[in-house]
2 protein chains.
Amino acid sequence: MTVTIKDVAKKAGVSPSTVSRVLSNHPRISLETSRKVKIIMEEMGYTPNMMAKSLVSKTTNSICIILPKPAEELFSNLFFMELIRGIVTQASRSGYDVLISSGANEKEELEAVSRLLKGRRVDGAILLYSRKDDAVIEFLETGGYPFVLIGRSDRYENILSVDNDNVMAAYDATNHLITMGHERIGFVSGPSELIVSRDRLEGYRKAMESNGLEMRPEWIVEGEFLQDSGYRAMSFFMNLPNRPTALVAVDDMVSFGVLRGLTELKYKVPEDLAIVSFNNIPLSQLSSPPISSIDIGIYHLGYTASQVLIQSIKNPNNHDGYTNRFVIPHRLIIRESSMYSASKK
Amino acid sequence: MTVTIKDVAKKAGVSPSTVSRVLSNHPRISLETSRKVKIIMEEMGYTPNMMAKSLVSKTTNSICIILPKPAEELFSNLFFMELIRGIVTQASRSGYDVLISSGANEKEELEAVSRLLKGRRVDGAILLYSRKDDAVIEFLETGGYPFVLIGRSDRYENILSVDNDNVMAAYDATNHLITMGHERIGFVSGPSELIVSRDRLEGYRKAMESNGLEMRPEWIVEGEFLQDSGYRAMSFFMNLPNRPTALVAVDDMVSFGVLRGLTELKYKVPEDLAIVSFNNIPLSQLSSPPISSIDIGIYHLGYTASQVLIQSIKNPNNHDGYTNRFVIPHRLIIRESSMYSASKK
DNA sequence: ACAATTTACGACAACGTTTGCACTACATTA
DNA sequence: TAATGTAGTGCAAACGTTGTCGTAAATTGT
């Protein structure tokens, strides 16, 4: 029922090839025919069939976002929404469609990626986060598929990636607290298999060390990027005999959990515990008190990732050599949760 | 380079058709050949080419989500993340991929939809929200494309839609405040071209009326689903000579704005102004005080929409007649922001 | 034991594009 | 004038599937 290139051709009294060439602005088509055909296309309401196009061109003009394993949980983090927004916006501007994919477990995830890339449903992929060891990266890398990683991998050196300098960011966050006079500073980390967790932990360590501050093992707890982890970490910290006066949390959601707990126990923020965390999701400024956060430019991260990916799809062998890794700048946003000068005892 | 059905066929010593039939578990294939072919497929790492498949089957096993016009803003609302999560989860379970699409303006939006549906890149669409008059709905309806609306349309009666009973929800919210002893109740609405705004306003009206309470025009203000609107509404209300003691806000984000303003002015919630709003986004329980909200089951809304759409794609003429409209139940979550019995003066 | 049916498979034509090649008019050049 | 070039178009073969139809061989019924 739908009108095809042949229908247009017939009505215009030309061959299908000509219509196709009109469509792609082939130089060797006379202005006259071009105009005529275009009018007929308009009249008949012709829309190119993407499937047929893709079949022959071996390209789909779409990319996919691979969400990490426990997508359900992670989805609840506004972080991903921002990222997706950046990706979709840029991709849309470049004429690409965006497909969202996730699997219940790593095996399913790999299957999905394989189906999408090998099955030529998409031209490339954007990976969010990265574990130390990632089967999906392995697959994409050995398959030679275009992809970019949001985050970084320490196994593969030459893959395209867009990331923050998380070590430096954590250094800055910690240093800010130190500047405010804090000496006993705790750290709530994310899953240790995530590189971002380890990078931020390292930045915290560096800042503590270079300021000659003591680092107690019990001041570092590992959790998830979720509220609950913050809640638990909070109750752990507050029961410590020599508890921290400030803490750095790996994600704003964690801070919210901490905040909730402290409020329940009638503690004051930042007087009883100062907080700085990461990502600066829109809600950070809405909590009470608003929490200080490292703005890592999430939207920008997504936008750039999409740009880099599409660029690499269009120009696969443009391996500049220099620029495989794109670093998005971060910025410390100081809010009430850390605006209290601890008195040095 | 990639291995096709023909390569497998050649290696297995059978015809391409046979391989295809093995793939689709055709009954008339001997167990022996089936096994042999399957082994070879595995060996050669065969993955079906979705484009070719789609071309002949005229079906893509994917759906798209059409985000409303000002996607940028709306994206910042956790609401959409929840919705997308529900959609992606269900679609993924049904073996469908999800494509996200949005346009900068209504024209672009329509172009995108047309390209996706007419170009056969997706099998159906999920529309979020609905304006009173919607060109996209018009297009989908007249084109006979499968789609479901999250929200409702008052122009088209017989389209598939998944929605809450927003009138009833607003009635419940308002009634809750009345039960708490409030008599002067304000309402912060959303854009009046959104049906959801009007439905909720109507519910508010009904509740006020059936309780014989006065409704002043200045107690109803129109804004966006954004914090700022709440902030502005708040300062408007609080400067009224005969100001409301409670208010119903059309979205939690609006409440946050109200809250922020009240806090700045040292007003107490709920003592000076009680608040109830809609959507119950995860943050509602994190603000201080936590705000009472109507949980509309956002995830469920998305999940159901996907289910209904895919069902209608697979079975286009299963027009039950009864069940075009799916209503997701709502639930009033009472939190601190409304837990104060106003003394009847 | 012979027709009738069933089983298991192959040939081939779609699906709607793109694209290399060939062909026809002319126009240009030597 | 003949050779060469070029602009504009058509033909036909791909791209990787699916599905209809046909047909041997195997099975069944009588």
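Residue numbers begin at 1 in each chain, while the letters A, B, ... track the order of the sequences.
- The phosphate of dG10(C) (OP1 or OP2) has a side-chain N or O of Ser15(B) nearer than 4.0 angstrom.
- Note on Asp134(A) versus Arg155(A): no salt bridge recorded, every NZ/NE/NH1/NH2 to OD/OE distance being 4.0 Å or above.
- Regarding Ile5(A), its CD1 atom lies at a distance of 5 Å from the P atom of dT17(C), rounded to whole Å.
- Distance, Met41(A) CE to dG16(C) P: 17 Å, rounded to whole Å.
- Remark: Lys107(A) engages Asn105(A), Glu111(A) in a side-chain contact (heavy atoms from CB on, under 4.5 Å) (not counting sequence neighbours).
- Protein atom NZ of Lys10(B) is 13 Å distant from nucleotide atom P of dA11(C), rounded to whole Å.
- Rounded to an integer number of Å, the gap from Arg21(B) CZ to dC12(C) C1' is 12 Å.
- Nucleic acid contact for Ser24(B): none, since no nucleic acid atom lies under 4.0 Å from a heavy atom of the residue.
- Residue Lys58(B) has a polar side-chain atom (N or O) positioned under 4.0 Å from OP1 or OP2 of dG16(C).
- Taking CZ of Arg115(A) as the start and CD of Glu108(A) as the end, the distance is 10.0 Å to the nearest 0.5 Å.
- Residue Ser20(A) places its side chain closer to dT18(C) than to any other of dT17(C), dC9(C), dT18(C).
- The nucleotide range of DNA chain D contacted by chain B, defined by atoms under 4.0 angstrom from heavy atoms of the protein and reported 5' to 3', is dG16(D) to dT20(D).
- Listed pair Thr33(B) / dC9(C) meets the phosphate criterion, a side-chain N or O lying under 4.0 Å from OP1 or OP2.
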